[in-house]
Number of protein chains: 2
Amino acid sequence: MIQKTRVLLVDDHTILRTGLRMFFDSQADMVVVGEAVSGEDALEKVQLHQPDVVILDISMPGMTGIEAIARIKQLTPEAGILMLTMHEAEEYLQQAMQAGASGYVLKKAADSELLEAVRAVARKEIFLHPAMTSLLIQSIYHSEPKEGLKKTINLTSRETEVLKLVALGHTNKEISEVLSVSIKTVETHKSRVMEKTGCVRRSELVRYAMQEGYI
Amino acid sequence: MIQKTRVLLVDDHTILRTGLRMFFDSQADMVVVGEAVSGEDALEKVQLHQPDVVILDISMPGMTGIEAIARIKQLTPEAGILMLTMHEAEEYLQQAMQAGASGYVLKKAADSELLEAVRAVARKEIFLHPAMTSLLIQSIYHSEPKEGLKKTINLTSRETEVLKLVALGHTNKEISEVLSVSIKTVETHKSRVMEKTGCVRRSELVRYAMQEGYI
DNA sequence: TAAATTTTCAGGGTTTTTACTGATTATTAA
DNA sequence: TTAATAATCAGTAAAAACCCTGAAAATTTA
């Protein structure tokens, strides 16, 4: 091992970070070069420490892990990003991989799996637990309209119509003409959809619509 | 091991089949229950032997492996299909996974990998070599448009980037930030794309991008 | 019927996009 | 080495979108 794999830990739980640091530093081929407690913090630390692998939690205060992935990738495209999370849901997995993550490991996974994942990501490979891979492939190639998510986010029929048309790139005016309502009404529906889905950008709306099979 | 994994070999090369049969039969947990020399033959043998795992080559006389996957899946959805091929190209990989394959192993892979793959598929998991997984994820989430489609309308690389981002719902500002250029530059590229494609509305641009496989 | 939800619309200020025209600097091809 | 193509950016005015708050009908549910 000529060079140790440089690891940056990003998690808001100090205890977890400390544990991970001890764990990684006890490995001959890796070293923790820094820690960050938030997405914003991570962006700084990434520039400062130039890590090979960034280990990131999805749920963090402030910027979400998903957002952080994109920002980090922008800053240092060479750094591999490994999501370490307790969420087994495929929606997170999909979003993370789409945003540019190189791996996804559950917090309940075995230590050996985490090490394997870090080493794979350091080699520029993508690491997913077989079961996670199944989920991903399934969701990509053989996805059914997800009932689970539809239950939580309940769009009205009018909101659904507007979402679809927005995602297809139609302007508010076009939508208002198609639905025979005023532009103001369209704006209201759209903003309500964004509120319900948690989207703050039109692009997120597009992705949401695609992901949920609206378009 | 209560039940041995029942394997069906499908390949038009007799030597290879014989070698594989000996190899698998030497394993304590698997048994080759049949062989087939073509896709058509495979369909019969699948019904006859009810295998747990079908090992299939893509390139075969008559029905292609990709076609065979779909047909086999239709007949016996419980059977896992493992592609064993010399093709490293991601287009085959994508097609195979989309058609319903559960794994993809290169003929040049190590014996141990093949065993691992068969066992994973028998467990209803999906098996891909990490490098293959990378390819797949890359091609799904970070794909370049297909060359064939770009013949008629020739977009420059920058125009293509802008088109993709526009179609994904990003604002000019977001695009200018991602590409590190001014908004004015983005506007120019976008209007040029609209000129070339004949689109006059953003929605048409979205449809074009989808149709041409940009997104 | 009463309450909750859905659908509809408005005002107003800010930001962004659109649709022009025009132009400079690489890079590539002939 | 020209000539063509690609990529960059500017100005400007009108149109549209965005982001609020607020609110009245219509419909559905309890």
Side-chain angles (χ1 to χ4, degrees), chain A residues 62-64 67 70 74 77 149-210 212 214-215, chain B residues 144-145 147 149-210 212 214-215:
Chain A
M63 192 190 302
T64 72
E67 274 179 79
Q74 216 175 321
L149 220 68
K150 290 251 177 75
K151 259 179 285 178
T152 48
I153 295 174
N154 214 307
L155 298 183
T156 70
S157 64
R158 219 49 167 166
E159 286 164 358
T160 303
E161 286 182 289
V162 171
L163 168 61
K164 280 198 248 185
L165 291 167
V166 167
L168 287 172
H170 291 281
T171 63
N172 291 350
K173 192 182 178 190
E174 287 169 351
I175 296 169
S176 75
E177 280 161 8
V178 170
L179 301 182
S180 300
V181 294
S182 82
I183 290 183
K184 284 297 179 182
T185 304
V186 175
E187 284 180 16
T188 303
H189 286 311
K190 185 162 68 158
S191 67
R192 228 178 267 293
V193 172
M194 293 179 107
E195 205 178 87
K196 285 183 178 178
T197 58
C199 296
V200 294
R201 258 173 278 283
R202 194 173 57 202
S203 62
E204 292 175 29
L205 223 44
V206 172
R207 187 167 58 194
Y208 177 82
M210 287 178 139
E212 296 302 311
Y214 287 110
I215 53 174
Chain B
E144 295 293 316
E147 291 305 314
L149 295 167
K150 294 204 299 190
K151 260 179 295 180
T152 47
I153 294 172
N154 214 305
L155 298 182
T156 70
S157 66
R158 219 48 166 167
E159 286 164 0
T160 302
E161 286 183 290
V162 171
L163 169 61
K164 280 199 259 186
L165 292 166
V166 167
L168 287 172
H170 292 280
T171 63
N172 293 350
K173 194 181 178 191
E174 287 169 350
I175 296 170
S176 76
E177 280 161 8
V178 170
L179 301 182
S180 299
V181 295
S182 81
I183 290 182
K184 283 298 177 181
T185 303
V186 174
E187 285 177 12
T188 303
H189 287 312
K190 185 162 66 160
S191 65
R192 230 179 265 294
V193 171
M194 294 181 105
E195 206 177 88
K196 285 183 178 179
T197 58
C199 296
V200 294
R201 255 175 278 284
R202 193 172 57 201
S203 62
E204 294 176 27
L205 224 43
V206 172
R207 189 160 306 160
Y208 176 82
M210 285 177 142
E212 296 300 311
Y214 286 108
I215 53 174

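Per chain, numbering begins at 1; letters A, B, ... match sequence-line order. Everything quoted here is computed from the prediction, not taken from an experiment. Atom set for the values below is all heavy atoms of this structure, side chains included, hydrogens, waters and symmetry mates excluded.
Axis angle, first five pairs versus last five pairs of the helix from C:dT1-D:dA30 to C:dA30-D:dT1: 60°, rounded to 10°.
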Name every donor-acceptor pair, under 3.5 Å, that has one atom in a side chain of residues 166-175 of chain B and the other anywhere in the protein, sequence neighbours excluded.
unit_1, atom_1, unit_2, atom_2, d
B:His170, ND1, B:Glu174, OE1, 3.0
B:Thr171, OG1, B:Glu174, N, 3.2
B:Asn172, OD1, B:Lys190, NZ, 3.1
B:Glu174, OE1, B:Thr171, N, 3.0

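Within residues 171-192 of chain A, the residues that place at least one heavy atom under 4.0 Å from DNA chain C are, in residue-number order, A:Val181, A:Ser182, A:Lys184, A:Thr185, A:Thr188, A:His189, A:Arg192.
A:Glu159 is linked by a side chain to side chain donor-acceptor pair (under 3.5 Å) to A:Thr156, A:Lys196, counting only residues two or more places apart in sequence or in another chain. In this view, A:Ser182 and A:Thr185 satisfy the side chain to side chain donor-acceptor pair (under 3.5 Å) rule, not counting sequence neighbours. Judged as a side chain to side chain donor-acceptor pair (under 3.5 Å), and not counting sequence neighbours, B:Ser176 has no contacts. Taking A:Ser191 as the reference, nothing meets the side-chain contact (heavy atoms from CB on, under 4.5 Å) condition, with sequence neighbours excluded. Scored by the salt bridge (Lys or Arg N to Asp or Glu O under 4.0 Å) test, B:Arg192 finds no partners at all (sequence neighbours excluded). Taking the salt bridge (Lys or Arg N to Asp or Glu O under 4.0 Å) definition, one finds that A:Lys164 meets it with nothing, sequence neighbours left out.
Residue B:Thr160 holds its OG1 atom at 11.0 Å from CG of B:Leu165, rounded to the nearest 0.5 Å.
Contact check, A:Thr156 against C:dT5: no side-chain N or O comes under 4.0 Å of OP1 or OP2.
Within the 4.5 Å cutoff, the side chain of A:Arg158 has heavy atoms near those of the A:Leu179 side chain.
Running 5' to 3' along DNA chain D, contacts with non-hydrogen atoms of chain A at under 4.0 Å begin and end at D:dA16 to D:dC19.
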**Request:** Please lay out, stage by stage, how B:Tyr208 and B:Leu163 fare under the test side-chain contact (heavy atoms from CB on, under 4.5 Å).
**Result:** CA-CA 9 Å; B:Tyr208 176 82; B:Leu163 169 61; 3.9 Å; yes
